[in-house]
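Below is one structure; the comments refer to it alone.
Predicted, not measured: the structure shown is a model, and the values here were computed from it.
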Number of protein chains: 2
Amino acid sequence: MRKSTLSLVDDRPMRGANHSASAPVPPDGPDFELIELLFFAYRDFVGEPDRLLARHGFGRAHHRVLHFINRHQGLTVAELLDILEITKQSLARVLKDLVRGGFVEQRAGAEDRRQRLLFLTPRGQALAQGLAGMQGARIARALGATGAAHRPVIARFLAELIDSERGAEVATDPAAS
Amino acid sequence: MRKSTLSLVDDRPMRGANHSASAPVPPDGPDFELIELLFFAYRDFVGEPDRLLARHGFGRAHHRVLHFINRHQGLTVAELLDILEITKQSLARVLKDLVRGGFVEQRAGAEDRRQRLLFLTPRGQALAQGLAGMQGARIARALGATGAAHRPVIARFLAELIDSERGAEVATDPAAS
DNA sequence: GAAATATGTCAACAACATTGACTTAAATGG
DNA sequence: CCATTTAAGTCAATGTTGTTGACATATTTC
């Protein structure tokens, strides 16, 4: 229905001379447009996977676990906790769901047998790929519309948004420099 | 502490010739780097305001309400629900907190007295500005590091990430065209 | 063999969302 | 004018995801 249509984002009048080139809409106050674009973009970015996850009885937390195990097969529980920045009790709940459902497998570490190394089963990989496919397609579409050549700019901006402790690990382009 | 340091993002080898110009790291599969950058960037983007909100006993939901009332003073409850895409029961809880705390004021609509028009009190404006200041500063920093001239590219990309029904309302640059 | 480490688990609780049902007040339309 | 619709508020139950705190178990390390 979407009846009441306020114009979202950018009904702020531009201050000063801001016409053609040089400084494209530099806000004096906070950049409300980008603040809101981030909010709406992220909501839709995770909203689509949410609907697929719901069909398995899973939620966003399961998505994140699937994603990072997929990306770093064989990582330990401690490493996963370090990435997600949640407590082990929070992780335990969703991890248990995923193991019981046959999406994740745990094997004792070879060197340190206290560790539980985490792997995706074929089933887990299929789901992880389905989810990544949705988000990847959305990104590809947006990138195509924006101009794929601008990808490094976008990656850099997002990396710079991250708290610096973490940012060090997220090189925009390891080949550059 | 951050002891276990996996290299997050982009440990995928580049496929094909991908050296200098033309197509900067175009992924064949899903673009894991941007997927993860969005996750980490958004987490830190909202994480900082969270800590200020916690000092008032508020959470993220209060932040969103404060933000959009600030941006659209006098909007109706229905309009706010339409923006946030949550149920009125969810909104009611946080709105009640904000009204009781003296951050938000409700006035009956002039034409339609069933409507409750929402306004920020000076106190509410102060908090909203504090929160927007944090996020704005983070964006300004990231934009500065990336090159402020690229702002339209970034805004465009984020806008394209949004589901198209909403995207129509989020013009990247209303002056253009 | 004692201490530290990796993991798991139980319990209580909080924030934020949902669905469903119902109320009140005001506007609207025959 | 009265019936219907609309805007908003409320009560209750429930689910997901996070938290703290306490404790158990197995294994490694010193």
Separation of atom [atom1] in [X] from atom [atom2] in [N], rounded to whole Å:
X	N	atom1	atom2	result
D82(A)	dT7(C)	CG	C1'	15 Å
Q115(A)	dT5(C)	CD	P	13 Å
L80(A)	dG18(D)	CG	C1'	15 Å
L118(B)	dA7(D)	CG	P	14 Å
K88(B)	dA21(C)	NZ	C1'	10 Å
D112(B)	dG29(C)	CG	P	12 Å
R51(A)	dT16(D)	CZ	P	18 Å
L53(A)	dT16(D)	CG	P	12 Å

Checklist entry - F103(B) vs F58(B) aromatic rings, parallel, tilted or perpendicular, using cut-offs 30° and 60°? => result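 Perpendicular: the ring planes of F103(B) and F58(B) meet at over 60°.
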Checklist entry - If you find the nucleotide of DNA chain D closest to L91(A) and the one closest to R113(A), which residue's nucleotide is nearer the 5' end? => result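 Looking at the nearest nucleotide for each, L91(A) comes out on the 5' side.
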Checklist entry - Can you tell if the side chain of E85(A) reaches within under 4.5 Å of the side chain of R43(B), non-hydrogen atoms only? => result yes
Checklist entry - Are the ring centres of F39(A) and F68(B) closer than 6.0 Å? => result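 Here the rings of F68(B) and F39(A) have centres that are less than 6.0 Å from each other.
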Checklist entry - Going by an N to O cut-off under 4.0 Å, is there a salt bridge joining R138(A) and E48(A)? => result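 Here R138(A) pairs with E48(A) in a salt bridge, since their nearest N and O are under 4.0 Å apart.
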Checklist entry - Can R151(B) and E33(A) be counted as an ion pair, charged N to O under 4.0 angstrom? => result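 Here R151(B) pairs with E33(A) in a salt bridge, since their nearest N and O are under 4.0 Å apart.
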So, is [X] close to the [N] phosphate, meaning a side-chain N or O under 4.0 Å from OP1 or OP2?
X	N	result
H62(A)	dT16(D)	no
R116(B)	dT6(D)	no
R107(A)	dT7(C)	no
T87(A)	dT19(D)	yes
S90(B)	dT18(C)	yes

Item to check | Result of checking E79(B), R107(B), H72(B), Q106(B) against L118(B) for side chain to side chain contact (heavy atoms under 4.5 Å, CB included) | outcome: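 Among E79(B), R107(B), H72(B), Q106(B), the one meeting side chain to side chain contact (heavy atoms under 4.5 Å, CB included) with L118(B) is Q106(B).
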Checklist entry - Quick one: the side chain of R114(B) and the base of dT6(D), do they pair up donor-acceptor inside 3.5 Å? => result yes
Next on the checklist: Given the structure, check if the side chain of Q106(B) and the base of dG9(D) hold any donor-acceptor pair shorter than 3.5 Å.
Outcome noted: no
Checklist outcome for this item: Sorted by number, residues from residues 92-102 of chain A placing a heavy atom under 4.0 Å from DNA chain C are K96(A)
Next on the checklist: Please report the interatomic distance CZ(R116(A)) to CG(L95(A)), rounded to the nearest 0.5 Å.
Outcome noted: 11.5 Å
Checklist entry - Hey, quick one: are L127(A) and F119(A) part of the same hydrophobic cluster, counting side-chain heavy atoms closer than 4.5 Å, chains of contacts allowed? => result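 No, it is not one cluster - the side chains of L127(A) and F119(A) are not joined through contacts under 4.5 Å.
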Item to check | L117(A) or I86(B), whichever maps to the more 5' nucleotide of DNA chain C | outcome: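 First, find each residue's nearest nucleotide; the 5'-ward one identifies L117(A).
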Checklist entry - Which nucleotide sits closest to the side chain of Q89(B): dA26(C), dT19(C), dA17(C)? => result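 Per side-chain heavy atoms of Q89(B), the pick is dT19(C).
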